[in-house]
Amino acid sequence: MTIQFNDETFRDDYSFHNSDWAIKRFPFPFHEDSYMYAVNMEQHRGGPEGSVYEKRFDVDEHYISEMRDRAMVLADDPLRCQSLPHMTLAGWDLLELIMVSKSEDYPDLFELHRDGDTWRWINKPLGIDDTFTFLDETTLPYGPMEYITRQTQGDFCVLDQRDGNLWMDAGTVTTQADWSLDFDIGMNFFEWHAPVPLAHEKGIFERALKFLLNIQQGAPARRLNWTMTVNPLLDTSPENYHKWGVQKTTLTPENIGAKQHLRVELQTFFRLPRSNGLVFPIRCYLCSFQDLMTMPKWGRRLHRVVRDLPVELATYKGFIDNRPMMLDYLSQFDDGLPTSPGIFPDFDTEPALQK
Amino acid sequence: MSKFEFPPSIKSRPVYGTLEARPGKGHLMIADADGAEAIMDIATPDLMAQTHIIYIPRGTDFADKLRSLNPAQFYEGPTYAASVSRIRRVLQDAHMGLQVYLAGTEGLMGQAQNEAMMAGIPHTAIQTEHRGSTARRMQCVHCKGITEDVETDPFVCSHCGLNLFVRDHYSRRLAAYQGVCIDAEDPGNVPAPKGIYE
């Protein structure tokens, strides 16, 4: 289908909205009626037609507006995009991966023409038509990682692999769930995950690291992660927390359906061929509670997950204070009926709400 | 004096050891305040004959005792900032196999370790021993300003004035812990400060 791009904002008046198409394909992160950390990896080899899993780098109706928001964040704070000196080659690897993937997966939107080292990149939605020399930084307006991630939805962590570990040595991070690239750059896998509760004790990070160290070229992997955000704010950074944190107190029983958003990260992992680095895109999808409730299965399940989540996780994910109000709202959409397995809404087969 | 036992913490928080003399052609020892005692504990005439000591007394009177160990080179700096250009020069001239020893406060060890890392020495090859003050070097995640010697949690950012919660999350590159606004969701509701390890 041809994507109709929204003209919308992720700040101030928050005109962000999801179309019916976007709601139906929203990556609801709960495959059952409860949640606990797991190394929930699977191969990233496409998925159901129209789903966010189908393409290597999903492009949706929010593309142009998200790129506009990223440019504003980077203008305010250039430290959201950093690359340590040894990571430039990995940046070129990433540029190639995205350009090749997008031009193959969305030939109507993106074109890549390669003649030796002379490459021409056409990005129709953003109105870009640039010719440059591959591996020559002086022929691009930004470094290769910054150039391509200003044109690709989602945050990007570019990881160096050495000493049996992964190191957060480059990235573009403007739509993060409250962590700071500027603070974490240079840390290893265990260090940047240090503040996460419970998961270290469960051995989650040891197992995840073993998996990631062995990701091979051409065999990317993926998982979903999630948190909660009041208002469709992409830039929930620690840098600006003193400005956005107070928005959590603006929820009321009347506005919670529209203001409270489930924030889902589609995390993917690709081996990079020249640098042997690993790129870790973290793509953020937002959906308001009231839009989620249009899918009866999701309404039943979200209530059960939020209700039964351990206190540590509700605290870490930042919604412990608002959980009672969330449950008052969500319980209206839970009639106690069983739910079908898996994340997809199964709108045509799940029963309508029985109350 | 007895050493402070840091409580168990998260995996980004540095862990300090006890200095030991290691084989090497050259030895660089950087210390502040009570860190002098960690150097004295391992000093032998043979070791000192190959050692360059850079020491910041911070009001203590250990400098003469270190000088009397007869190190090959000795520098007493008024502050870390005043010493850092000398540290960089020594690291620039260092040969393969230089042993680096750091002792004293976390702020001193963290910053000196960062200089050694930038000179190409892996952080895992650098010895550290904590002595003296347990105050922390903190970075405000909001304004990026560094406040040295923070002893209480919460504390007021010395640059932007926000009330900051003292996290255990630590960046080697910045040689600092992270401070995050504690009353963002309830402005003005700031708990009374208490000692970080109380």
Side-chain angles (χ1 to χ4, degrees), chain A residues 76-80 82 84-86 162-165 167-170 176 178-201 204-206 209 230 236-251 315-316 318-322, chain B residues 6 8-15 110-111 113-125 136-146 154 156-157 159-190:
Chain A
D76 274 352
D77 182 1
L79 296 177
R80 305 295 189 84
Q82 296 189 53
L84 297 181
H86 59 282
R162 61 179 190 273
D163 300 335
N165 213 322
W167 302 80
M168 176 85 70
D169 285 347
Q176 64 284 271
D178 205 5
W179 66 280
S180 168
L181 173 74
D182 182 47
F183 195 81
D184 288 1
I185 193 169
M187 290 189 189
N188 70 36
F189 190 75
F190 298 114
E191 291 167 345
W192 86 68
H193 285 116
V196 182
L198 302 181
H200 290 273
E201 294 82 342
I204 296 282
F205 293 119
E206 281 86 354
L209 178 61
V230 175
T236 48
S237 59
E239 278 83 354
N240 286 329
Y241 171 61
H242 59 304
K243 299 175 192 164
W244 60 262
V246 74
Q247 294 181 22
K248 292 189 197 178
T249 64
T250 61
L251 280 190
T315 304
Y316 176 67
F319 66 90
I320 189 76
D321 290 343
N322 286 330
Chain B
F6 291 101
S9 184
I10 62 174
K11 296 200 175 196
S12 57
R13 192 206 195 298
V15 175
Q111 292 176 87
Q113 176 179 259
N114 198 28
E115 293 297 331
M117 284 162 51
M118 285 196 285
I121 302 173
H123 72 271
T124 47
R136 293 184 176 190
R137 183 176 145 89
M138 300 293 305
Q139 189 202 38
C140 171
V141 75
H142 311 292
C143 79
K144 309 286 183 183
I146 300 277
V156 176
C157 176
H159 305 276
C160 69
L162 286 174
N163 298 295
L164 302 181
F165 163 60
V166 174
R167 293 186 81 187
D168 280 354
H169 199 33
Y170 180 87
S171 163
R172 267 191 303 280
R173 194 182 63 90
L174 299 168
Y177 291 89
Q178 191 176 65
V180 179
C181 184
I182 197 169
D183 58 340
E185 296 178 32
D186 190 3
N189 183 6
V190 181

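In this text the structure is predicted, and so the values were computed from the model without any measurement. Numbered from 1 within each chain, the chains take letters A, B, ... in sequence-line order.
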Checklist entry - Measuring heavy-atom distances to chain A, does B:Val180 have an atom under 4.5 Å in its side chain, in its backbone, in both, or in neither? => result side chain
Item to check | Contacts of A:Asp76 that satisfy salt bridge (Lys or Arg N to Asp or Glu O under 4.0 Å) - sequence neighbours left out | outcome: none
Item to check | Top of A:Tyr241, A:Trp244, A:Phe190 for chain B proximity - count of heavy-atom pairs under 4.5 angstrom | outcome: A:Tyr241
Item to check | Atom pair CD1 (A:Ile185) and CD (A:Gln82), whose distance is rounded to the nearest 0.5 Å | outcome: 4.5 Å
Next on the checklist: Can you tell me which portion of B:Pro122 sits under 4.5 Å from chain A's heavy atoms? Options are side chain, backbone, both or neither.
Outcome noted: neither
Next on the checklist: Counting heavy-atom pairs under 4.5 Å with chain A, which one of B:Gln139, B:Arg167, B:Lys144 comes out on top?
Outcome noted: B:Lys144
Item to check | Side-chain (B:Asn163) to main-chain (B:Ile182) donor-acceptor, under 3.5 angstrom | outcome: no
Checklist entry - Quick one: CG on A:Asp169 to CZ on A:Arg162, what's the gap to the nearest 0.5 Å? => result 5.0 Å
Item to check | Side chains of A:Glu239 and A:Ser180, donor plus acceptor under 3.5 Å | outcome: yes
Checklist entry - Considering only heavy atoms, which portion of A:Asp163 lies under 4.5 Å from any heavy atom of chain B: side chain, backbone, both, or neither? => result neither
Checklist entry - Would you say A:Asn322's side chain and A:Lys248's backbone share a donor-acceptor pair under 3.5 angstrom? => result yes
Checklist entry - Relative to chain A, which of B:Lys11, B:Arg173, B:His169, B:Met117 shows the most heavy atom pairs under 4.5 Å? => result B:His169
Next on the checklist: Less than 4.5 Å to any heavy atom of chain B: does that hold for the side chain of A:His200, its backbone, both, or neither?
Outcome noted: side chain
Checklist entry - By side chain to side chain donor-acceptor pair (under 3.5 Å), which residues pair with A:Ser237, not counting sequence neighbours? => result A:Arg80, A:Asp235
Checklist outcome for this item: chain B shares the most heavy-atom pairs under 4.5 Å, among A:Asp182, A:Val196, A:Asp77, with A:Asp182
Next on the checklist: Does any backbone or side-chain atom of B:Arg13 lie under 4.5 Å from a heavy atom of chain A? Answer side chain, backbone, both or neither.
Outcome noted: neither
